Amino acid sequence: MKNKNKSESFNKSKKNGIPKNELTSNNHSSDNSNSNKSDLNIKSQKLLKQRQELPIFSAKREIVDYIYKNKTVILVGETGSGKTTQIPQFLYEEGLVRKNNCAIAITQPRRVAATSISKRVADEVGTKLGARVGYTIRFDDCSSKYTKIKYLTDGMLLREVLSDPLLLKYRIVILDEAHERTLRTDVLFGMLKEIQVKREKLAKDQREKMRSLKASEMHKAPLNVRGPKTHVKFDNSDSESESESDAKEAIIKKVKVQEDEIFELKIVVMSATLDAEKFSNYFNGAPILYVSGRQYPVKIKYTYEPQNDYLDAAHLTVMQTHLETNTDSGDILVFLSGQEEIESLEKLIRETSKHLPKSKKGLVVAPIYAALPQNLQNKVFEKLPSDHRKVVLATNIAETSITIPGIRYVIDTGVHKVRGFDARVGVESLLVEPVSKSSARQRAGRAGRIDSGVCYRLYTENDFEKLTEDDVPEIMRRQLTSVILMLKASGIDDVIGFDYMDPPSKSALKNALLELYSLEALDDSGKLTDLGKWMAEFPLDPVYSKVLYESIKHKCTSEALDLVAALSVDSLFYSPIDNREAAFNAHKQFQSLNGDHWTVINLLKAFNEYKNNSSKVVIFDQLENDPDSFELYENANNKDKSSSDKLEFWCKKNFVSFRNLSHVIRIRQQISNLASNLNIDVSTSCGDDTDTVLICLLSGFFYKCAMLQPDGTYRSLTGSQTVHIHPTSSMFRKKTAAIVYDQLVFTNKLYAKSVSAIQPGWLSIAAPRLYGNNSF
Ligand code: CDP
Ligand code: MG
């Protein structure tokens, strides 16, 4: 390990390290899982050997001392060296977060990283997930008051600032994957800098207060505790009697108990690849620590020609690599842009694998992407029998966030999905774009962790040279409405003068402030209104919280909850290529003439009805004329007939994603709980009053509307763009005076997704600040 000499040079002596009283074994009493405690311990012991082999392990004491001595540290270390899993454990084992009111928070830009890494660390520590080690992501909190090592998404830490403005429950915040420069991590940089200054002052004030309190109590104490003198003492007159020293101890304790001790906040900024000097400058000259990892040489191979179909090229390269190399020589990792591509390639590989020669058996496909359910995530880490080879299909999550062991061959398609926002026309996009050089290098590096490896870049060397060096930080290309509301709600009024590492554009800031004003979250002077504060209570886009708020007035909270939950996940309906017609017919029964919003409300109502009556349902009657479904039902029947199976079958029969629907129901429950805590009657329903729900929806979605033009196309109200209705919408090819949509996506044309028909006249009712004087 080497350190850049920004602070004093490294000193290993204990004198500069952690004081003795801070070093202590941890109190494990929080673990109440006694029944399987020995299992947990055995697992932890088994993993210890692997931990000890990590490059970072030998630098444990130096890293802990360094963090102890400095307010902020920038730590750079090769991917897979053990930063994310080990450093929090080092700090915990060394007793830095022993006391009541302090834990370690480790932020992750990705949900999957937070969940999968915390599971691994819980196993390493030998605890149940949610006890000493836990995670918090949106709509899923697996932590408790005993949690000392908490992995959480950057968005969730931002939310915690609202309820705990000085983050007093954390002694250390580790901002991991800082190079990703996500919108929320960037905002956290500025917030934490400010919190650190405030905490330092507060801790100092508290120490001074305690000192003077102690002094005055000490002064009074002897008289109170000595009791009547029974004899005169002559010897040791200078030193304290036992009872006097006990009394002083008691006073110190008493003073401390009066309030929780406040600690200075320590910040650790961590990454495998970042402009460390830039970060150091931003964090007031924080020292930089470099931890060396293990990296074997990786041979880079480019294609001779650009590839028109990189998915096809990836498929061929996987099979070629498998056929031409020894199965034991290492696994294959393919980088793709998203879930759909991963699922397509998985299908292709599975098909081709059936025709592999007998001598080459066993290709096991292991996907990993953001929306993959937790129980399936571990497949990428599992060790396979020696005659099997793993092909991991990953998004850029496997670049630096998650290290998959055993990889020797990397196939890089050179693309990833990038979120963007055009402030001028108000369009958010999620586009597949070329990666940066820095990403491409990280991807190649994944092939060299266990031995020398090969990286096949499915693009030409010339195209690599044309890539940008780094990605543009999200804050410079995303919509800012949500984070500006968070800044305002956490008391930061001057959002323009905020200490950004790289400031967002003036137009994006203006756009966000205008939208918040139109939503009535800000008043004329830009101050947060009571409604704005209310909106910030929910972990939702402000547009959705506004709909929820308006639903109280319109007496349709139950329907608003359905909508807000359903719009938080990907589509609930699916339509397989080989069974389009059956899917179409199944979906038709939920369809509303008003469009997609009422369609999902209908779906949720039907599902709940089925759930409540499922024991009484006589499925056979309905299935008599439908042998295909009958077969499905028979299959389902042969399985365990638990109620969950029945619900899953219902979804399958209706071509509805059971996974996404279950997720929607969980989300709905959580938002509903939050609303109930604010004394809202969450059961209020407007029945079948479609207009009321759509007007209520418009009170948040007034920016997301388009008007029918004489030529039959739609024109967006913001930015005057020509908009087409997406083929997945029930409104596809239908004409209506005006539409409201959930999102605009740009592929070859600008498409509106999740669309409903509205009456233009509703706009001035729904958004008087914006359209009050307009007549449409
Ligand atoms: O953060 P950094 O990239 O430095 O490494 P890490 O995420 O702490 O990973 C350290 C090691 O733990 C790697 O070798 C991973 O493969 C391994 N690991 C694992 O085997 N299973 C997990 N669920 C997570 C990490
Ligand atoms: Mg990491």
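Order of listing sets the numbers, starting from 1, for every ligand and every atom in it. Every value quoted in this text rests on a predicted model; they were computed, and no experiment measured them.
- Taking a cut-off of under 4.0 Å to the non-hydrogen atoms of K83, the atoms of ligand 1 that pass are 1 (O), 2 (P), 3 (O), 4 (O), 5 (O), 8 (O).
- K119 and D123 are joined by a salt bridge, as a carboxylate oxygen and a charged side-chain nitrogen come within less than 4.0 angstrom of each other.
- Contact check for D331 versus I404: no side-chain heavy atoms found under the 4.5 Å cut-off.
- F57 meets the ring-ring contact (aromatic ring centres under 6.0 Å, His included) test with F90; sequence neighbours excluded.
- Checked against a 3.5 angstrom limit, the closest N/O atoms of G82 and ligand 1 fall inside it.
- Taking the six-membered ring where the residue is Trp, Y302 and F464 present tilted rings, their angle falling between 30° and 60°.
- The shortest contact between atom 14 (O) of ligand 1 and any protein heavy atom is with R449 NH1, 3.3 Å.
- Geometrically, ligand 1 and N378 share no nitrogen or oxygen pair separated by less than 3.5 Å.
- Under a 4.0 Å heavy-atom criterion, G77 is not in contact with ligand 1.
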When you look at Y310 and Y459, which way does the ring pair (Phe, Tyr, Trp, His ring centres under 6.0 Å) test go after all the steps? CA-CA 9 Å; Y310 59 77; Y459 40 96; over 10 Å; no
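- In terms of N/O distances under 3.5 Å, ligand 1 is not approached by Q86.
- Proximity to T79 (heavy-atom distance under 4.0 Å) selects the following atoms of ligand 1: 3 (O).
- A salt bridge links E94 with R61; the closest basic N to acidic carboxylate O contact falls under 4.0 Å.
- Atom 18 (N) of ligand 1 has its nearest heavy-atom neighbour, among Q89, E177, R120, in R120.
- Taking the side chain as every heavy atom from C-beta outward, V392 and I407 approach each other to under 4.5 Å.
- Of the candidates V291, L54, I117, T403, the one placing a heavy atom closest to atom 11 (C) of ligand 1 is L54.
- Shown in contact with E78 at under 4.0 Å from a heavy atom are these atoms of ligand 1, numbered in order with element: 4 (O).
- Annotation: side-chain contact (heavy atoms from CB on, under 4.5 Å) contacts of T327 (sequence neighbours excluded): H322, K360, R389.
- Summary of contacts: the protein heavy atom closest to atom 21 (N) of ligand 1 is F381 CD2, 3.3 Å.
- No heavy atom of Q50 sits closer than 4.0 Å to any atom of ligand 1.
- Shown in contact with T85 at under 4.0 Å from a heavy atom are these atoms of ligand 1, numbered in order with element: 6 (P), 8 (O), 9 (O), 10 (C).
- Salt bridge absent: E177 and R110 never bring a charged side-chain N and a carboxylate O closer than 4.0 Å.
- Proximity of Y66 to L75: side-chain heavy atoms (C-beta onward) are nowhere separated by under 4.5 Å.
- Contacts with ligand 1 closer than 4.0 Å are made by no heavy atom of D176, backbone or side chain.
- Under the 4.5 Å side-chain criterion, counting only non-hydrogen atoms from C-beta, I117 is not in contact with Y135.
- Salt bridge status for E346 with R350: present, with a side-chain N to carboxylate O gap under 4.0 Å.
- Looking at residues two or more places apart in sequence or on another chain, you find no side chain to side chain donor-acceptor pair (under 3.5 Å) involving R659.
- A salt bridge between K417 and E340 is present, with a side-chain N of the basic residue lying under 4.0 Å from a carboxylate O of the acidic one.
- Protein N/O/S atoms closer than 2.8 Å to the Mg ion (ligand 2), listed by chain and residue number, are T84 OG1.
- By the 3.5 Å distance cut-off applied to N or O atoms, G80 is counted among the residues near ligand 1.
- Among all non-hydrogen protein atoms, the one lying nearest atom 1 (O) of ligand 1 is T84 OG1, 2.6 Å.
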